[in-house]
Structures are given as C-alpha cells and as structure tokens.
Amino acid sequence: MSDTVRTRFAPSPTGYPHVGNIRSALFAWLFARHHNGVFILRVEDTDVERSVEGSLEYILEGLRWLGMDWDEGPGVGGNYGPYVQSQRLHLYQDAARRLVESGHAYYCYCSPERLEALRAEQIKRKMPPGYDRHCRNLTDEQRKAKEAEGITPVVRFKTPLAGKTRFHDEIWGDVVFENSHIEDLVLLKSDGYPTYHLANVVDDHAMEISHVLRAEEYISSAPLHLMTYEALGYTPPKFAHLPMVLGHDRSKLSKRHGATSVLEFREQGYLPEAMLNFLALLGWSLDDKTDVITRDELIKNFSLERVSKTAAIFNHEKLKWMNGVYIRKLTPEAFAQMCVPFLEGAFHENIPSMDYVLEVLPLVQERAKLLTEVPELTHYFFSDQLNYDAKLLISKDMTAESTRKALAVAKERLEKLPGFDAQTLEAMLRPLAEELKLKTGQLFGALRTAVSGETATPPLFQMMAVLGRERCLIRIQEAIDKLAAL
RNA sequence: GCCCCCAUCGUCUAGAGGCCUAGGACAGUAGCCUUUCAAGCUACCGACAUGGAUUCGAAUUCCAUUGGGGGCACCA
C-alpha cells in the first residue's frame, strides 16, 4: 500500500443529502486535495427498500454545483470499481462466508417478528435493547433444522463477550469501547445485501481508503468496524469522526429547519462559493479572524488538527451575509449571468436585451444578498405596472398638493433637459429642489416613488437614467394623476 | 433505560497555564456617510455552565454535577 491519501464520500441514494452530509463530503474532499490525494465517490445502495429514484443524480449535481470533483466513482471510473455497492455483492458475500468459516461470525435464523418482540419486551422492562444472541451457539443439527424450514439466515458478527476495543481517532483522540456493550450486529442481510458495517469495511479496504472521514454519529459503530477489519485480516484505515451539524433547535437537521439540501440553496439564490466557504467554517477554522476564504486557500490550509469536536448549528443569517459578500465580489458580467435565470423566471419576455440587463444589475449588485431578491429589487425596470399607494409619494412635511406641483414642475424641466444621464439629471434636479424651497430628500423622494413605485431604490439619478426619459415622464404623469385623485 | 462524546457571547469560532479586564465574524443597538435602501466606517451590547481540586497563577489540567448531542435496526 502506498501512502497516498485516499478519502471517500459514500452517500446512500435514499433521499436528498442535507448540508451536514455535504459538509462531511467537503472535509473529505478538502483533506484529499490538501494532500494531493484522491477523492472517491462511492454509492452505498444497499438498502433496497429505502432507495429513492433520482436521489443519486441529485447528490451528484449538488457536488458538481459546489465544485467538489471526484477522481474515482460514478461517471469517471477508476481502478477500484465498480463504485456502486449493489454491483459488488459477491465481495461482501465472500467476506461474510470467510468470517463464518473463521469463527468470527455466525448464521442467525431469528425472524424479524421475534426480534421486534424481543426489543419491545426489553424496552418495556427498561432493559437495553439488543439481540440476545439466540443463534450464536446453534449446533449443526439445529442449523440444519432451520435450513430445512426454508429460512434464509443473516450473518451476524460474533462480538467478543469481554475485553475492550480501542482505536485512535484523528479528531477525538483515543477512543475505547467495552466489547460487552457491542451487539452481534448483522453483516449480511437475508436478501444477500450487506449492511453498512460490512460493506464499508470491505470497500474501504478494497479501495485502499487511507482516511475515513465521516460524521460523529458513526463513532459508536467504529469498534465493530475495527473488529471486522481485524477478523478479515485487513489493516484498518485512519478514522476521523467529524462534529455534527445541527438545526437551530440543536436537533439533527431535518425538513423542519427549512432548506437543508444543497440544491435548495441554489434555488434560493445562494452562490456555490459562498456555500462552500460557509460550510468549511462549520467545524473548522483557519485562525482567529478569517471568515471569507477562497477555495484555493481552503485547500492549502485545511487540516484535521483544526477541526473542532463541538457540534455546530447551521446559521442561515451568517450564510446570507456571506452570500452578499460573494455577490459583491462578482464582476458585473458574472453577476448578470448568474441573475439571468432568476430574471427570466420572473419577467419572461419583458426583458428587452442583455445590454439593458447589464445596465440595470450594477444598480442592485451591492444591495442583494440572494439572487432571488434581484427580481423584486428590479421589477420596475422590467414592468410598467407599479401598483403603489399614492400616499407614498408624499414626503415628510409635504401635502398631496405640494407634491403634485413639485412633480409637475420637475416633469416640465425633464422634458426639456438636453440629456438624460445621471450627471445631467443631478445638475438640474438639485437646484430645482432649492428653487421649489424643498429639501432634496423631499423632491427626490417623490420622484423616486413616482418612477419606481418604491421608497427604497438605488440612487435616483442612475435609476432614472437607466429607465430613460420616456418611461420616467409617463410615470411621473401617472403619479400626478394619482395625487389628483386623492 | 444503557453506552460514548461534547461544553467560550443568541450563532460560527480564536484560545493548547501567565500574552485574556477573553480576540474575530454574523445577528442586535447607536452614530457617521447619505436623495431612500444597501454597502462602508465607528462605537456599544454580549460568553469561559456550576462546584470542587492541582498551581504562585486556570477558559486552558483533574474530579463531580448540570446541560446538550450521538448511538443502541435484516438504515446508513
């Protein structure tokens, strides 16, 4: 075995992966990239019942979106394939047979009903639930009798009844488990599929995985895995159990916590760079001050020593802030490109041209935290239906009448203005406020609402320049009419 | 119920015995800038869970308590 770092992300296609899974994948990916190693994607489709159509493609798309490329696995191949566990069943079956033959495992004929009843009884009597090792010492005759009944057995690991299993975790340090607390877990199911425990050990060994990075929830099954490696005569990889990612109520992430799958974040208008940056900081830190960090810096600096042991709560607010940071860093062209799908979704054929879009978007780039906010921030550039309350036209210390008069004068001057660029507009409008004995805010506020229907917009002159003279004049006239009707 | 683990501002975290009257960031509050909204800048608010022990000295070590999390499937 070489000392190349080989890590893997091994999702099971049973639904959409939440951000906690992806964070684990990210750490495995960063670790591999940092060490110029190999990142492997392996599909753990051993649960036929819970398999969900399309979820694998969804997972792959999520990884691609974040730019987490894999060197071996679905779509790219590799020398250790196939990378889909349902295509490697014979390997697990061979391993299970070897374990039985060497006395490390045994056939169990207990029915699911018996196991369920057993568990219910244990819970009722406040006993720790677990298999009672009923089939552990079956005689050959007893086994033959069960076989004759036509029962297909499962294979269970024969856990030592005493002693301790210890291992070194790269993050948690030395971990020790009492063997007596570990059950005789099923390695091979009666349908011929392996459980996670067996499949993991067999594949991580076969694929020469050097470091297993996975979530903390697996730490208690690590001893079983260690014993299985040993029973099979394999050298175990290094383990690094990652802290959990929790929802705002400190419980495991689930649907109630709002968006939890990566692609949902894409739909909500998050940028992959922001997402990656944010996820990396969930359980890892560079130093005492760095928040915004590029992908390359992440790769360059990632290390297991700086992974924390404490579970992290997913903080949407900070993600949103970070997304704003990344949006502002985009070039105007890149920003426009990212916004187009969202604009098309909202305005369809009302988008006159890309040139126009490129004039509009710089006005809101530093105001948007999410790409999904862009349509609402720019609607008046694309639609002439403003639908606002006429009262919004009236600035502080003004009346409908004074506002109407001010707008009428402004309209008159705008009609005659030689140009309609921001500078020309400002040069005319500022003195006009003074002339009308109004504060700039009063006049500008009325104009702002008149041309946009909003009270919060980008700077007035720039906005008007992009809207164009004709549109502004029509809208100001509409505002005057609205005021007259009050 | 049993086993394992964790514990610094509301949240993400820095901190590996004296650099800590605990640093940064998000959020919140106030102000500056300003035609509004953002952005930016400034300030404020705000934490070492509790109790013991070790030590000249503890957020940092040890023990207990409390709190939280994870696991205890023919799921992964």
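Convention: sequence-line order gives letters A, B, ...; per-chain numbering from 1.
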**Request:** Any strand is fair game: report the nucleotide pairing with B:U11 by Watson-Crick or G-U wobble, both distances under 3.5 Å, or none.
**Result:** B:A25

**Message:** Can you measure A:Met398 atom CE to B:U35 atom P for me and round it to whole angstrom units?
**Reply:** 17 Å

Name the pairs: protein N/O against N/O of nucleotides 59-70 of chain B, kept only if under 3.5 Å.
from, atom 1, to, atom 2, distance (Å)
B:G70, OP1, A:Lys252, N, 3.4

**Fill in**
Out of B:G10, B:C5, B:G24, minimum distance to the side chain of A:Lys318 belongs to B:G24

**Prompt:** Which of residues 189-196 of chain A sit near RNA chain B, with a heavy atom under 4.0 Å from it?
**Reply:** A:Lys189, A:Ser190, A:Pro194, A:Thr195, A:Tyr196

**Item:** Atom-pair distance (CZ on A:Phe314; C1' on B:A27), nearest Å
**Value:** 15 Å

**Cation-aromatic face contact A:Arg306/A:Phe302, 6.0 Å, 45 degrees** = no

**Request:** Describe the nucleic acid contact of A:Cys110 in one word from base, sugar-phosphate, nothing, applying a heavy-atom distance below 4.0 Å.
**Result:** base

**Request:** Rounded to whole angstrom, note down the P distance from B:A39 over to B:G1.
**Result:** 49 Å

**Prompt:** Between A:Gln93 (side chain) and A:Gly192 (backbone), is there a donor-acceptor pair under 3.5 Å?
**Reply:** yes

**Request:** Send over the distance from A:Leu118 CG to B:C72 P, rounded to a whole Å.
**Result:** 16 Å

**Message:** If only side-chain N and O atoms count, and only distance matters, is there a donor-acceptor pair under 3.5 Å linking A:Gln122 with A:Asp132?
**Reply:** no

**Message:** Between P on B:U35 and CG on A:Leu443, what's the gap in Å once rounded to a whole number?
**Reply:** 13 Å

**Item:** Residue A:Thr440, side-chain heavy atoms: nucleotide from B:U35, B:A14, B:C6 that is nearest
**Value:** B:U35

**Request:** Rounded to whole angstrom, note down the P distance from B:C33 over to B:A49.
**Result:** 42 Å

**Asked** Is it true that a side-chain atom of A:Thr165 and a backbone atom of A:Phe177 form a donor plus acceptor pair closer than 3.5 Å?
**Response** no

**Prompt:** Got a donor-acceptor contact below 3.5 angstrom from the A:Arg88 side chain to the A:Pro82 backbone?
**Reply:** yes

**Request:** Consider only side-chain N and O atoms of A:Thr46 and A:Tyr92, and report whether a donor and an acceptor are under 3.5 Å apart.
**Result:** no

**Residue pair A:Asp184 / A:Tyr106, side-chain donor-acceptor N/O under 3.5 Å** = yes

**Prompt:** From B:C74, B:U36, B:U13, pick the nucleotide closest to the side chain of A:Pro459?
**Reply:** B:U36

**Complete:** A:Ile394 atom CD1 is separated from B:U36 atom C1', nearest whole Å, by 17 Å

**Asked** Under 6.0 Å between ring centres, would you say that holds for A:His316 and A:Phe278?
**Response** no

**Prompt:** Say you pick atom C1' in B:U34 and the same atom in B:U42; how far apart are they, in whole Å?
**Reply:** 16 Å

**Request:** Starting at atom CG of A:Asp184, determine the distance to atom C1' of B:A73, rounded to an integer number of angstrom.
**Result:** 14 Å

**Message:** Say we look at B:C56 and B:G10: how far apart would their P atoms be, to the nearest angstrom?
**Reply:** 35 Å

**Message:** For the C1' atoms, the ones on B:U13 and on B:C48, what distance do you get once it is rounded to whole angstrom?
**Reply:** 13 Å

**Asked** Are the side chains of A:Asn200 and A:Thr228 in touch, meaning some heavy atoms are under 4.5 Å apart?
**Response** no

**Request:** For the side chain of A:Arg367, starting at C-beta, report the closest nucleotide among B:U13, B:C3, B:U36.
**Result:** B:U36

**Item:** Whole-Å C1' distance, B:G28 and B:A47
**Value:** 16 Å

**Asked** When you measure from the side chain of A:His181, which nucleotide among B:G15, B:C3, B:G10 comes out closest?
**Response** B:C3

**Prompt:** In whole angstroms, how far is the C1' atom of B:C74 from the CD atom of A:Glu113?
**Reply:** 11 Å

**Asked** Nearest to the side chain of A:Asp291 - B:G24, B:U35, B:C37?
**Response** B:G24

**Asked** On a whole-Å scale, what distance lies between the P atoms belonging to B:A53 and B:C44?
**Response** 37 Å

**Asked** Is any side-chain N of the basic residue among A:Glu217 and A:Lys252 closer than 4.0 Å to the acidic one's carboxylate O?
**Response** yes

